[in-house]
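Reviewing the structure listed below.
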Amino acid sequence: MAVRERLPVWAQLRFGLAPRSLAALSVVLVIAAGFAVHHFWAGRPQSVRAPDVVDGPAPTPPGAKSASGSGSERGASAQATTPRPVANAVPSPAGVLVVDVAGKVLRPGIYRLPIGSRVADALTAAGGSREGADLTGLNRARLLTDGEQVLAGVPGAAPAGPGAGTSGGAGSGSSGPVSLNSASVEQLDGLPGVGPVLAQHIVDYRAQHGGFRSVDELREVNGIGERRFNDLQPLVRL
């Protein structure tokens, strides 16, 4: 009050507050403070729960509906045309030899063996030879040919190829032409102008290509020229 009385009159009128005015001002300040506290409390950061994931296909935009449909159809058609592996599938005929194993073996019959197999492999596939079977005349190291018949324990038996019974045996030149698809190295060696090396080349070519398809194919064997082929052509057959 002492300080107020010392102020000029205009200052006392300007800065002076009546008790009612002071009370009203206090009410306004309390209300403003309440609004400030409410605004601060409402604007505080709060944790938000993430939405649950619902299983199902993703929504497709309207413009991509036809593209996705055609893609699924292409996938279905590709899956339908793709061959599935088959368990215990039979190898392709181009990669196997079909031979007939007969004679004194435990399980005679028709067997499929890979190209490059030998007579010993055919005997093993047939369960082996029977006890007491004489295999002296059978060359078990000889390469097999497609359609050949292996006779185990049969004295004097010669390997028989496709059509071996049409024009005599394949064993000697006196009984008819030698079969390119069934003759052994020893039998081919007996032909004029054919030694053991060239005979082995003929057998190797036969094993690699699954047999001869024509007599003219003999020209492709290493070591056989045109002149030698002309000499051998009347002496051999398929």
Side-chain angles (χ1 to χ4, degrees), residues 88 90-213 215 217-218 221-224 231-238:
N88 299 328
V90 179
S92 171
V96 297
L97 299 173
V98 181
V99 296
D100 179 14
V101 185
K104 297 181 179 180
V105 292
L106 296 179
R107 297 189 301 272
I110 306 295
Y111 292 93
R112 290 178 172 85
L113 301 174
I115 290 180
S117 300
R118 301 181 183 270
V119 174
D121 300 324
L123 296 178
T124 302
S129 59
R130 297 180 182 176
E131 185 178 357
D134 185 10
L135 304 179
T136 303
L138 184 62
N139 183 6
R140 283 166 284 181
R142 180 176 55 82
L143 291 170
L144 294 171
T145 59
D146 187 40
E148 178 181 346
Q149 184 184 45
V150 178
L151 298 176
V154 179
T166 56
S167 59
S172 61
S174 60
S175 60
V178 175
S179 174
L180 294 175
N181 284 327
S182 62
S184 63
V185 175
E186 293 80 5
Q187 294 165 350
L188 294 172
D189 187 15
L191 294 173
V194 179
V197 176
L198 183 56
Q200 186 62 49
H201 287 172
I202 296 174
V203 173
D204 293 343
Y205 180 90
R206 180 177 66 193
Q208 294 172 1
H209 295 81
F212 289 88
R213 292 178 292 274
V215 176
E217 197 174 348
L218 192 62
V221 178
N222 184 22
I224 296 182
D231 296 338
L232 293 176
Q233 186 176 14
L235 303 178
V236 295
R237 63 175 178 83
L238 294 180

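Taking Asp204 as the reference, Gln200 meet the side chain to side chain donor-acceptor pair (under 3.5 Å) condition, with sequence neighbours excluded. Partners of Asp100 under the side chain to side chain donor-acceptor pair (under 3.5 Å) rule, at least two apart in sequence or in another chain, are Gln149. Here Ala126 pairs with Val101, Val105, Tyr111 under the side chain to side chain contact (heavy atoms under 4.5 Å, CB included) rule; sequence neighbours left out.
Side-chain atoms of Asn181 come within 3.5 Å of backbone atoms of Phe212 as a donor-acceptor pair (strictly under, hydrogens ignored). Arg142 places no side-chain N or O within donor-acceptor distance of the main-chain N or O of Val119, the cut-off being under 3.5 Å. Remark: the backbone N or O of Ala183 is paired with a side-chain donor or acceptor of Arg206 at under 3.5 angstrom.
In terms of heavy atoms, Ser182 sits closest to Thr145 at CA-OG1, 4.2 Å. Nearest heavy atom pair, residue Ala102 against residue Pro108, reads CA-CB, 4.2 Å. Closest non-hydrogen pair, Ala199 versus Val194, comes out as N-CG1, 3.8 Å. Among all heavy-atom pairs drawn from Leu144 and Ala122, the shortest one is CD1-CB, 3.8 Å. Scanning all heavy atoms of the two residues, the minimum distance from Pro177 to Pro234 falls at CG-O, 4.3 Å. In terms of heavy atoms, Val96 sits closest to Asp146 at O-OD1, 4.5 Å.
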Can Ser184 and Asn139 be said to form a side-chain contact (heavy atoms from CB on, under 4.5 Å), step by step?
CA-CA 9 Å; Ser184 63; Asn139 183 6; 5.7 Å; no
Take Ile224 and Leu198, measure what side-chain contact (heavy atoms from CB on, under 4.5 Å) needs, and give me the verdict at the end.
CA-CA 8 Å; Ile224 296 182; Leu198 183 56; 3.7 Å; yes
Kindly determine whether Glu217 and Leu180 satisfy side-chain contact (heavy atoms from CB on, under 4.5 Å), including the steps that lead there.
CA-CA 10 Å; Glu217 197 174 348; Leu180 294 175; over 6 Å; no
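Interatomic distance, Lys104 NZ to Leu135 CG, rounded to the nearest 0.5 Å: 9.5 Å. Leu113 CG to Arg118 CZ: the interatomic distance, rounded to the nearest 0.5 Å, is 13.0 Å.
Side-chain contact between Leu106 and Arg130 is present, with at least one heavy-atom pair separated by less than 4.5 Å. Residues Ile110 and Val98 have side chains in contact (heavy-atom distance under 4.5 Å, counting atoms from C-beta outward). Between Ser129 and Leu123 the shortest side-chain heavy-atom distance does not fall below 4.5 Å.
Screening Val221, Asp189, Asn222, Val185 against Ile202 for a side-chain contact (heavy atoms from CB on, under 4.5 Å) leaves a single residue, Val221.
When the shell of 6.0 Å around CZ of Arg213 is examined, it contains 12 or fewer heavy atoms from other residues, nucleotides or ligands.
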